[in-house]
Every structure is written in C-alpha cells, then in structure tokens.
Amino acid sequence: KPMNKTDKRSRKTVCAIQSATLLLLCTHRIDEIKIIDLCTSADINRTTFYLHYRCIPDILRALRSEIIDRIFAESEALIDFSEPTDPLPFLNVCTEVLSSYPNFESFVQRSSTAEFFLTALKNEFSKKLADRYRLQYGNDMANFSHVLRFLTAGVLDTYAEWLKSERSIPFSEVIEPCTPMIAAGLRCLARAIGE
C-alpha cells in the first residue's frame, strides 16, 4: 500500500512511479515488467519504490483509488442525487482528472492491461457511488446499483473509445449528446430517494 505522505517530494515520486508504470504497460504485459526497470524509468532506486509500493499491481490499485478520490473531491458540490442537475460539469471533472495523469491516454490506447484496469475502475467507482448514496439517504441500493453501474460504465467506456479515436472532436462535445441519458438515470435515483 502506498505511503500516505502528502509532501511534495513524496507526491513527485509517486507521480513518477505512476507515469513510468503506465508508459511501460504500453509496450509490456504487467508480468513482464521488472521492478528494476520501473525504477530506472521513474529515476528512483528500489528502496524508494518499496517505501511506496510492494509490487507493480499495487501501483494500479492505488492509482484507481486515487483517481476515484480525486473525482469525488473535485466534484463534491456537483453530486446530489436528490436534486439532479446538468451532469456535464461532473463529467468534465471526471475527464479532467483522468487526463491529468501523464501517459494515461497512451496506456488506454495501447496497453493490454487497460481493459482490466478500466473494468476495475468502473466497479470501484460504482461501489463508491452506491456507498455514498446509502450513507447520505439510507435507501437500499439493491434495486438501483444497476443504474449507477450503467452510468459509470457508459461514461468511462465512451471516454476510452474517444481516447482510441482520432480525437478530432473534444470529449465534451462527444459526451454532450449522452447527458440526457445520464440525467434520466440521475432522475431515476432521485425518485428512489423520495420513495
């Protein structure tokens, strides 16, 4: 598990490790990457690596958690299931967070590990949304977790497909026609709160 240090040097090291991992995964399977090669690519030593992570899969797990935490932190005011509003600002936060990671786009485009990573990201994000819903409103999510999964998967799949395309159109324009469907899903959740 990565250290919970927030100082600039530690954050810089974690970013270098994440970036090097994503870059190496563009040309290698995860089981082909050696810690020493990752350390060389990230310009760190093995001791520094082991201060933050136990193994390479830990980096991807921590990266998924970090992405989800950042999306929630940066969109706190934009998520309200009881009064759904235009979902586009929230979707923009999601894509801004994802695109802020160096080599993430190349990773999605070229890595054989990307599909597994994105599926796990969808699952974890949907779970966090459902947990937040339960905590905030106390409703049973059994009947509505599929709506959250649909919304999460739809947005992330659309983003991944856009990354694999020529990207001649900004993502905000690609996702904009989808926002009525997302808004309808949010209204479904809002109705569930009122029941």
task: Flag the pair E176 / F171 as yes when at least one side-chain heavy-atom distance between them is below 4.5 Å, and no otherwise.
output: no

- request: For P87 and A183, work out which heavy atoms get closest and say how close.
  value: CG-N, 4.0 Å

- prompt: Under 4.5 Å between any side-chain heavy atoms of L98 and V108, yes or no?
  reply: no

query: If you draw a 6.0 Å radius around OH in Y101, do more than 12 non-hydrogen atoms from other residues or ligands fall strictly inside?
result: yes

query: Hey, are the side chains of I175 and C178 touching, using non-hydrogen atoms and a 4.5 Å cut-off?
result: yes

- prompt: Going by heavy atoms in the side chains, are R70 and S100 under 4.5 Å from each other?
  reply: yes

task: Taking atom CG of D43 as the centre, report whether more than 12 heavy atoms of other residues, nucleotides or ligands fall under 6.0 Å from it.
output: no

- request: List the steps, then state whether side-chain contact (heavy atoms from CB on, under 4.5 Å) holds for L63 with L22.
  value: CA-CA 10 Å; L63 180 59; L22 293 174; 4.0 Å; yes

- prompt: ring pair (Phe, Tyr, Trp, His ring centres under 6.0 Å) with F117: which residues, sequence neighbours excluded?
  reply: F107

- request: Would you check if N103 and L25 make a side-chain contact, meaning some heavy-atom pair closer than 4.5 Å?
  value: no

- prompt: Would E66 and R11 count as a salt bridge (charged side-chain N to carboxylate O under 4.0 Å, His left out) if you check the C-alpha gap in whole Å, the side-chain angles of each, and the deciding distance to 0.1 Å?
  reply: CA-CA 12 Å; E66 181 180 306; R11 184 66 207 139; 2.7 Å; yes

Expected output: side-chain S126 to main-chain K122 donor-acceptor under 3.5 Å: yes

Salt-bridge criterion met for R132 and E76 (N-O under 4.0 Å): yes

message: Which heavy atom of L88 sits nearest to which heavy atom of S172, and what is that distance?
response: CD1-O, 4.4 Å

message: The test is side-chain contact (heavy atoms from CB on, under 4.5 Å); show your working for L24 and I56 and say whether it passes.
response: CA-CA 11 Å; L24 287 168; I56 293 172; over 6 Å; no

- prompt: Do the side chains of R46 and I36 get nearer than 4.5 Å, heavy atoms only?
  reply: yes

field: Inter-residue atom distance E96.CD - I71.CD1, 0.5 Å rounding
entry: 10.5 Å

message: So, taking the atom named CZ in R29 and the one named OG in S111, what distance separates them when rounded to the nearest 0.5 Å?
response: 11.0 Å

- prompt: Within a strict 4.5 Å, meaning less than it, do heavy atoms of the N123 and T152 side chains meet?
  reply: no

query: Hey, does H52 have a side-chain heavy atom less than 4.5 Å from the side chain of S10?
result: yes

task: Using the side-chain contact (heavy atoms from CB on, under 4.5 Å) rule, take V155 and T95 through it: C-alpha gap first, then chi angles, then the decisive distance, then the call.
output: CA-CA 9 Å; V155 171; T95 55; 5.8 Å; no

query: Say you draw a straight line from CG of L121 to CZ of F116; how long is it, rounded to the nearest 0.5 Å?
result: 11.5 Å

Spacing of CG belonging to L23 relative to CZ belonging to R110, to within rounding of 0.5 Å: 7.0 Å

Lys/Arg-Asp/Glu bridge criterion (N-O < 4.0 Å) met for E124, K127: no

query: Would one find more than 12 heavy atoms of other residues, nucleotides or ligands at under 6.0 Å from atom NZ of K164?
result: yes

Hphob cluster co-occupancy, L129 + M181, side-chain heavy atoms under 4.5 angstrom: no

query: Hey, does the side chain of S41 reach the backbone of D37 with a donor-acceptor pair shorter than 3.5 angstrom?
result: no

message: Tell me if the aromatic rings of F72 and F125 count as close, with their centers under 6.0 Å from one another.
response: yes

query: Can you tell me how far the OH atom of Y53 sits from the OG1 atom of T21, to the nearest 0.5 Å?
result: 7.5 Å

query: So how far is it from Y159 OH to L118 CG, rounded to the nearest 0.5 Å?
result: 10.0 Å

- prompt: How about K128: does its NZ atom have over 12 heavy atoms from other parts shown lying under 6.0 Å from it?
  reply: yes

